Colleague: 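This structure is in structure tokens; I'll ask about it shortly.
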Amino acid sequence: VKWKKQGLLFDPQHHSLPNGCTEFAQSPQALVCREFVRVYFSTRQREPGGQYLSHMAFVDVDRKMQTILRTASSPVISLGALGCFDEHGIFPMNVVRHREQIWAFTCGWSRRVSVPVETAIGLAKSVDEGETFQRVASGPIMGPSLNEPFLVGDPFVMIRDGCWHMWYIYGTAWAEPTATEASPARVYKIAYASSSDGISWQRDGKTPIAETLGPDECQALPTVVEWGGIFHMYFCYRQATDFRANRDRGYRLGYASSVDLQTWTRDDALGGMQLSEAGWDSDMVCYPHVFACEGSLYMLYNGNEFGRRGFGVAVLEPER
Amino acid sequence: VTAPGGFRWIKRGQIFDPAEMAGIDWMQAFAQAPATLIFDSFVRVYFSCRPKPDSAGRYVSRSAFVDLNRANLFERVGMASEPIMPLGDLGAFDEFGTYPTSVIRDGETIRAYYGGWTRCASVPFDVAIGYATSRDGGVTFQKAGRGPVLSADLYEPFVISGPKIRRFDDRWYLWYIAGTKWLSSGALPEPVYRIRMATSSDGLHWERLHRELIPARLEADECQASPDVIFANGTYHMFFCYRYSLGYRGRERGYRIGYASSTDLITWVRDDDKAGIDVSDQGWDSEMISYPHVFELDGKTLMFYLGNQVGRRGFGLAELEGGLA
């Protein structure tokens, strides 16, 4: 497949966002609406002490994914209460339509002491077409379990024939800081769970995406779409250390295909999405989200610095 | 003074004081949350203890045991030479402590459920429940995985702790506590927690009742811990401890031992007046009593419990007059 990059779509510096956020528009995810495409993303508020809080926001884009029509003027979802799993932020958030509601599967995070962060997956719902979301309750729907000890996050949910599918990630290791790392480095892998109601999930205990960088490869943000009769998964992956400033070790987009949603064949070259030679996505590409609208397949994604300067869009070129 | 139909516990005195054990770096103070495993000639009492705090005053908890002569519980006949299980890996739920630990026999295996502690930034800690097994009679335990078997869920957002494992009619029961809120009025946030229950057919996959079992009595934010259940004479008896949510380190608002009973394990009637044990006028348990564990031994009904400063100086023994009716 071949993607045609349409360029940087949204730069948070040039827009007014809720909570005074001016940097980062990470992990863009689409809700296709009748008149526009609503793109949720995670942005950051800097606290007086310099630490970040992650807030969800959205922009409405025309259905050709070319023009920003509107920016959210008020917060989409509040942060969690004191001591809760999502007290310090939500990043990312995946939305699916279910009956008359929109369900948001959130990756909530909170600060720790020996490691910087812990995450878990929460659930919130919207009854106003995605303007605002309310939590079902204050705890997570998926957190650490016996064999998935920490960093459960990055949910992507697909409902098919009454079955709910979720691809997500969990942490396999925290490594003590090294010469190149200021704080412990994490390793995480893509995993899969299924559900009949979207609330109670059964994990299958497997990591379906083969590693290409070895056991310390970090895999994040799976997105799955059905197109041309098979299922396509995009995700991002990187080395576990020295990945922030070293172009050779930073995020790239991975690709796998499946006919049954269970067994995946990885072939990143087939994915057809690479770094640019220059510009906003020339050092890294990450946090992909693929969706169909008006017969075209689009990919939203972040570029350099994990999306500090916003997100871009690409469209799948028709096969000749 | 004993309430009508209430119990009467005769205090026998302090049993184990970690301060008497010199030279053990992982046991400088505290012997908390006693839990028994009965052997032919001795009673093994598991508890959690602490090394010296770090430079910031923060503790870790370790789990260990002491063996007491079955015929004379005041005679110590053995002791763990090291903690029964390691702390968790970097970033794991039990990196900074295992407290409390509850044990039960399952054939040749001994199962342990324990509270695993981690440190958080905005609140001082979080807790989730881990699972480990022993194949050497309870001297060492191997964790079933690096993660917890019971952690925060949609309706129980944090501080999943205080497990007590029991088995009735071929089903596993876990009584535990779940945090309901963090109070941020003081220097450090303080959690409010209440007694809950889950059941399981295998001890790994738990179905939670998702309900507080014991109504609050002291105040809306009453904290409850150590839900210790024993079956006798057709009734399930629960001894537990409870305190005010704030200012609880002194006698007035500190832990006391409460009581509830049930015939179906689901519906519990609280009646603290029946508990039949209170703080002493003076001595090691004159300010608070907490973390009761009730067990039957050679025709007697006995209770281990903690005294002042939630077990800084260990635990003591009380004996029930008559039986659990």
Side-chain angles (χ1 to χ4, degrees), chain A residues 47 49 51 53 79-88 108-124 135-152 170-177 183-188 198-203 205, chain B residues 54 56 58 60 87-96 116-132 143-160 178-185 188-193 203-208 210:
Chain A
E47 290 197 291
Q51 291 181 295
L53 298 170
L79 296 181
L82 178 66
C84 287
F85 75 104
D86 52 356
E87 179 184 355
H88 296 119
W109 66 271
S110 62
R111 296 174 192 145
R112 289 292 188 269
V113 170
S114 63
V115 293
V117 66
E118 170 65 334
T119 66
I121 294 171
L123 176 61
R135 285 172 181 72
V136 173
S138 57
I141 58 166
M142 288 217 335
S145 67
L146 202 53
N147 297 311
E148 300 180 358
F150 35 69
L151 293 173
V152 174
Y170 71 87
T172 58
W174 277 105
E176 297 285 354
S183 66
R186 65 199 91 164
V187 177
Y188 37 81
I199 297 171
S200 176
W201 292 87
Q202 288 75 47
R203 313 180 203 208
Chain B
D54 68 12
R58 295 174 302 197
V60 298
L87 295 174
D89 293 340
L90 179 65
F93 76 104
D94 53 353
E95 181 182 358
F96 292 105
W117 289 61
T118 187
R119 291 177 185 163
C120 306
S122 62
V123 294
F125 59 82
D126 196 14
V127 191
I129 295 172
Y131 170 58
K143 294 175 185 179
R146 291 188 298 152
V149 288
L150 207 73
S151 61
D153 78 354
L154 198 50
Y155 303 105
E156 298 176 359
F158 39 66
V159 188
I160 310 302
T180 61
K181 66 169 95 165
W182 281 95
L183 302 173
S184 55
S185 55
L188 278 179
E190 294 276 2
V192 175
Y193 39 82
L204 286 172
H205 302 87
W206 292 92
E207 295 167 33
R208 305 189 201 204
H210 277 140

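None of these values were measured; they are calculated from a predicted model.
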Colleague: Take atom NE2 of His210(B) as the centre, draw a 6.0 Å sphere, and report whether it contains more than 12 heavy atoms from other residues, nucleotides or ligands.
Modeller: yes
Colleague: Within this structure, what is the CG-OG distance for the pair Asp153(B) and Ser138(A), rounded to the nearest 0.5 Å?
Modeller: 9.5 Å
Colleague: Under a 4.5 Å cutoff for heavy-atom pairs, which residue among Gly179(B), Gly91(B), Gly130(B) has the most contacts with chain A?
Modeller: Gly91(B)
Colleague: With chain A, which of Pro157(B), Pro191(B), Ala92(B) has the greatest number of heavy-atom pairs at distances under 4.5 Å?
Modeller: Pro157(B)
Colleague: Taking all non-hydrogen atoms of both residues, which atom of Ser151(B) and which atom of Pro144(A) are closest, and how far apart?
Modeller: OG-O, 3.1 Å
Colleague: Taking all non-hydrogen atoms of both residues, which atom of Gly83(A) and which atom of Phe158(B) are closest, and how far apart?
Modeller: O-CD2, 3.3 Å
Colleague: For Glu176(A), which atoms come within 4.5 Å of any heavy atom of chain B: side chain, backbone, both, or neither?
Modeller: both
Colleague: Under the rule for side-chain hydrogen bond (donor to acceptor under 3.5 Å, both in side chains), what residues qualify as partners of Ser122(B), not counting sequence neighbours?
Modeller: Glu87(A)
Colleague: Please list all pairs meeting salt bridge (Lys or Arg N to Asp or Glu O under 4.0 Å) that have one or both residues in residues 120-130 of chain B, counting only residues at least two apart or in different chains.
Modeller: none
Colleague: Looking only at heavy atoms and a cut-off of under 4.5 Å, which of Leu146(A), Val115(A), Ile199(A) has the most pairs with chain B?
Modeller: Leu146(A)
Colleague: Under a 4.5 Å heavy-atom cut-off, does chain A meet the side chain of Leu150(B), its backbone, both or neither?
Modeller: neither
Colleague: First locate atom OG1 of Thr172(A), then atom CZ of Arg146(B), and finally report the distance between them rounded to the nearest 0.5 Å.
Modeller: 6.5 Å
Colleague: Report the distance from atom CG of Leu154(B) to atom OG of Ser200(A), rounding to the nearest 0.5 Å.
Modeller: 10.5 Å
Colleague: Please classify the contact of Phe125(B) with chain A as side chain, backbone, both or neither, using a heavy-atom distance under 4.5 Å.
Modeller: neither
Colleague: Return the minimal non-hydrogen interatomic distance between Leu90(B) and Phe150(A), and the atom names on each side.
Modeller: O-CE2, 3.9 Å
Colleague: Is it the side chain or the backbone of Pro189(B) that comes within 4.5 Å of chain A heavy atoms, both, or neither?
Modeller: side chain
Colleague: Between Gly171(A), Ser145(A), Pro140(A), Gly143(A), which residue shows the highest count of heavy-atom pairs closer than 4.5 Å to chain B?
Modeller: Pro140(A)
Colleague: Where does Ala175(A) contact chain B at under 4.5 Å (heavy atoms): side chain, backbone, both or neither?
Modeller: backbone
Colleague: Mind checking the OG1-CZ spacing from Thr118(B) to Arg112(A)? Nearest 0.5 Å is all I need.
Modeller: 5.5 Å
Colleague: Among Ser184(B), Gly147(B), Ala152(B), which has the most heavy-atom pairs under 4.5 Å with chain A?
Modeller: Gly147(B)
